[in-house]
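Below: one structure, written as C-alpha cells.
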Amino acid sequence: MTEPTFAGLVSRWYERNARDLPWRHPDVSPWAILVSEVMLQQTPVVRVLPAWQAWLARWPTPAALAQDTPAEAIRMWGRLGYPRRALRLRECAVAVVERHGGQVPDHLEQLLALPGVGTYTARAVAAFAYGQRHPVVDTNVRRVVCRAIAGEPDAGPATRPADLVATEELLPVEPASAALASAAFMELGAVVCTARSPRCGVCPVEATCAWRASGQVAPDGPTRRPQRYAGTDRQVRGLLLGVLREATGPVPHQRLDQVWSDDVQRARALAGLVTDGLVEPVGENAFRLIGDGPPAPVPT
DNA sequence: TAACCGTGGAA
DNA sequence: TTTCCAAGGTT
C-alpha cells in the first residue's frame with residue numbers, strides 16, 4: 001500500500017467534483033476543443049459557454065470556418081473580448097486545411113505553429129483532444145503548483161520553462177492518466193485554489209500543501225501594476241469595433257467619430273484596428289470589418 | 001522582458 | 001466606486 005500521489009489525490013477529487021463542461025464530453029472533436037481553448041484565453045467559462053455552442057453550430061469544422069469571411073468571425077466572436085483571437089482562429093482554420101488536410105494536428109510542434117496557438121493551448125489540445133502526456137500549464141496550474149509544492153502564495157505573471165518542468169514531475173507516467181491529472185490541476189485552481197479566496201477546507205491536498213503548512217504567508221511586496229481600462233486606447237478600440245460589428249458593410253467616418261471625443265486618440269485607435277487587420281478603409285471616409293463585402297474598387 | 005490586446009462580473 | 005481577475009498570445 002503506497003501513499004497516494006499528489007496527482008492521484010487531485011484526479012480522484014476531479015472525477016467526483018468536476019464541472020460538467022460541454023468541451024469535456026467524450027465525443028467532442030479536436031476542433032471543438034481547440035475552439036474552446038482559444039475562447040477561454042483570459043475569458044471566464046460562463047461567458048464562453050454560449051459563444052462556443054454558437055460558433056460550432058455555424059462552423060463545425062475548420063474547413064467551414066476557413067471558407068467564411070474574417071468579418072463574420074469577428075461578428076460571431078461577439079463581446080468575448082480580444083477580437084484578434086477571432087481573426088487568429090480563422091487563420092488557424094485556414095492553416096489546418098492547407099497544412100493538415102482539415103484535421104487538427106496531434107503533434108505539439110505542428111500545433112504550436114498554428115496562428116493563435118501558444119505554449120498553453122498547444123499542450124491543452126495535445127492532452128485533452130489526443131490524450132498525450134504533456135504538462136499543461138495555465139494560470140490555474142501555476143498557482144496550484146506554486147502553492148501546494150513550493151509553498152508560495154502566487155506564481156509569476158508568465159509561464160516559464162521551469163513551470164513546465166515542475167508540473168511535468170507531478171504527472172503520472174500513463175498518458176491518459178496524465179491528461180486527466182492536467183485537467184484536474186486546472187479545475188482545482190479554478191474552483192478551489194482560487195486567486196482571492198481559496199477554499200482550503202474542501203481541498204483534496206490540504207494535508208500536504210506547502211503553502212498551508214507555512215501558515216498561508218501573504219504575497220510580499222507590490223504585485224503587478226493594475227491595468228486601467230477606462231480612457232485607454234483599448235476602450236476606444238472596443239467602442240469603434242462595437243459599431244463596426246453591429247453594422248453591415250461600410251460605416252461612415254462621421255459615425256465612428258461619435259464614439260469618442262478625443263480626435264487624436266480615436267484616430268490612433270482606429271489606425272491600430274487597421275494595422276491589426278480587424279478593420280479596413282473603404283474609399284475616403286468609411287471603414288468596415290476586414291473582408292466584409294467585395295474589395296474596394298482600385299482607382300486606375 | 002514587458003507592454004499591449006476586451007469585456008464583464010464579483011468583491 | 002474601484003479594484004481585481006478570468007483555460008494567453010504576440011511583438
Side-chain angles (χ1 to χ4, degrees), chain A residues 14 18-19 21-24 32-52 74 77-89 91-92 111-129 134-145 154-161 163-164 167 179 182-191 193-198 219 222-245 259 268-269 271-279:
Chain A
Y14 177 77
R19 292 166 294 175
L21 302 177
W23 43 83
R24 288 175 175 167
I33 290 174
L34 173 54
V35 171
S36 80
E37 294 300 343
V38 173
M39 286 186 169
L40 285 163
Q41 291 167 5
Q42 302 287 286
T43 308
V45 167
V46 290
R47 214 176 308 161
V48 167
L49 283 169
W52 182 80
I74 294 167
W77 198 254
R79 306 185 65 80
L80 274 184
Y82 295 134
R84 291 190 295 191
R85 289 185 293 169
L87 223 47
R88 272 14 179 313
L89 189 50
E91 292 167 6
C92 176
L111 286 163
L112 274 170
L114 296 172
V117 176
T119 303
Y120 162 76
T121 304
R123 291 165 178 280
V125 171
F128 303 146
H134 299 290
V136 181
V137 181
D138 71 336
T139 183
N140 288 309
V141 176
R142 287 210 318 279
R143 185 171 57 248
V144 166
V145 173
D154 270 309
T159 298
R160 299 168 162 287
D163 297 321
L164 294 181
T167 303
S182 290
F185 293 163
M186 291 176 61
E187 186 77 351
L188 188 69
V191 175
C193 196
T194 56
R196 266 186 265 192
S197 307
T223 54
R224 61 168 178 263
R225 284 277 175 281
Q227 197 153 17
R228 285 260 185 297
Y229 180 66
T232 60
D233 285 6
R234 234 153 153 175
Q235 183 188 16
V236 182
R237 287 168 57 112
L239 292 170
L240 290 169
L241 199 62
V243 172
L244 293 162
R245 201 166 43 215
V259 306
R268 188 172 62 231
L273 290 172
V274 172
T275 297
D276 288 350
L278 287 159
V279 171

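We name chains A, B, ... by the order of the sequence lines, and we start the count at 1 in each one.
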So which one's nearest nucleotide on DNA chain B is more toward 5', Val46(A) or Thr43(A)?
Thr43(A)
For Leu111(A) and dG8(C), what is the distance between atoms CG and P respectively, to the nearest whole Å?
17 Å
For Arg160(A) and dG8(C), give me the distance from atom CZ to atom C1', rounded to whole Å.
15 Å
Comparing nearest nucleotides in DNA chain C, the 5'-proximal residue of the pair Val117(A), Glu37(A) is Glu37(A)
In whole Å, I'd like the distance from the CG atom of Asp154(A) to the P atom of dC5(C).
8 Å
Once you apply a heavy-atom cut-off of 4.0 Å, does Arg79(A) come out as touching a base, just sugar-phosphate, or nothing?
sugar-phosphate
Within the side chain of Asp138(A), is there an N or O that forms a donor-acceptor pair under 3.5 Å with the backbone of Asn140(A)?
yes
If only atom types and distance count, is the side chain of Asp163(A) paired as donor or acceptor with the main-chain N or O of Arg160(A) below 3.5 Å?
yes
May I ask you to say what Thr139(A) touches in the nucleic acid, namely base, sugar-phosphate or nothing, with a heavy-atom cut-off under 4.0 Å?
sugar-phosphate
Heavy atoms under 4.0 Å, any strand shown: does Trp23(A) hit a base, just sugar-phosphate, or nothing?
base
Taking the minimum atom-to-atom distance to the side chain of Tyr229(A), which one of dA7(C), dG6(B), dA6(C) wins?
dG6(B)
Give one of base, sugar-phosphate or nothing for Ala190(A), where a contact means two heavy atoms less than 4.0 Å apart.
sugar-phosphate
What's Gly118(A) touching, base or sugar-phosphate or nothing? Going by heavy atoms closer than 4.0 Å.
sugar-phosphate
Is any side-chain N or O of Arg234(A) closer than 4.0 Å to OP1 or OP2 of dG8(B)?
no
Where each residue is assigned the nucleotide of DNA chain B containing its nearest heavy atom, which of Ser197(A) and Thr232(A) is assigned the position nearer the 5′ end?
Thr232(A)
Gln42(A) side-chain N/O to dG8(C) phosphate OP1/OP2 under 4.0 Å:
yes
Closest to side chain of Arg24(A), choosing from dA7(C), dG6(B), dT1(B):
dA7(C)
Classify Arg237(A) by what it touches in the nucleic acid, base, sugar-phosphate, or nothing, heavy-atom distance under 4.0 Å.
sugar-phosphate
If I take atom CD in residue Gln235(A) and atom P in nucleotide dC5(B), what distance separates them, rounded to the nearest angstrom?
12 Å
Need one value for Leu21(A): base, sugar-phosphate or nothing, where a base atom within 4.0 Å counts as base even if backbone is also close, heavy atoms only.
base
Whole angstrom value for the distance that separates P of dC5(B) from CG of Leu273(A):
10 Å
Rounded to whole Å, please give me the gap between OH in Tyr82(A) and P in dT11(C).
15 Å
Taking only distance into account, with no hydrogens and no angle test, what donor-acceptor pairs under 3.5 Å do side-chain atoms of residues 38-45 of chain A form with protein atoms, sequence neighbours excluded?
unit_1, atom_1, unit_2, atom_2, d
Gln41(A), NE2, Thr121(A), OG1, 3.0
Thr43(A), OG1, Met39(A), O, 3.3
Thr43(A), OG1, Gln41(A), O, 3.0
Thr43(A), OG1, Arg85(A), NH1, 3.1
Thr43(A), OG1, Arg85(A), NH2, 3.0

Contact class for Leu80(A) (heavy atom, under 4.0 Å): base, sugar-phosphate, or nothing?
base
Name the closest nucleotide to the Arg196(A) side chain, picking from dA7(C), dT7(B), dA11(B).
dA11(B)
Heavy atoms under 4.0 Å, any strand shown: does Ala195(A) hit a base, just sugar-phosphate, or nothing?
sugar-phosphate
Whole-Å P distance, dG9(C) and dG8(B):
23 Å
When you measure from the side-chain N and O atoms of Thr119(A) to the phosphate of dG9(C), is any distance below 4.0 Å, counting only OP1 and OP2?
no
Quick one: OG1 on Thr139(A) to CZ on Arg142(A), what's the gap to the nearest 0.5 Å?
5.0 Å
Tell me whether the side-chain N/O atoms of Arg88(A) come closer than 4.0 Å to OP1 or OP2 in dG8(C).
no
Check the distance between dG8(C)'s C1' and Leu112(A)'s CG and give it to me in whole angstrom.
13 Å
So which nucleotide from dT7(B), dT10(C), dG8(C) ends up closest to the side chain of Asp138(A)?
dG8(C)
Say whether, by atom type as modelled, one donor and one acceptor occur between the side chain of Trp77(A) and the main chain of Leu87(A) under 3.5 angstrom.
no
Hey, does Arg19(A) reach any base, or is it just sugar-phosphate, or nothing, if we go heavy atoms under 4.0 Å?
base
Arg143(A) or Gln41(A): which one's nearest nucleotide on DNA chain C is closer to the 5' end?
Arg143(A)
Applying salt bridge (charged side-chain N to carboxylate O under 4.0 Å, His left out), which residue pairs with at least one partner in residues 111-125 of chain A are found, sequence neighbours left out?
none
Between dA3(B) and dA7(C), how far apart are the P atoms? Round to whole Å, please.
23 Å
Please pick, from dG9(C), dT10(C), dT7(B), the nucleotide with the shortest atom-to-atom distance to any side-chain atom of Tyr120(A).
dG9(C)
Rounding to an integer number of Å, can you tell me how far Leu278(A) CG sits from dC5(B) P?
12 Å
Is Gln235(A) reaching over with its side chain to a backbone N or O of Gly231(A), donor-acceptor style, under 3.5 angstrom?
yes
Any base atoms under 4.0 Å from Thr159(A), or only sugar-phosphate, or nothing? Heavy atoms, all strands.
nothing
Would you classify Arg123(A) as touching base, sugar-phosphate or nothing, given that sugar-phosphate means primed atoms plus P, OP1 and OP2, and contacts are heavy atoms under 4.0 Å?
nothing
Closest heavy-atom pair, Leu241(A) versus Leu273(A), reported as atoms and distance to 0.1 Å, is N-CD1, 4.3 Å
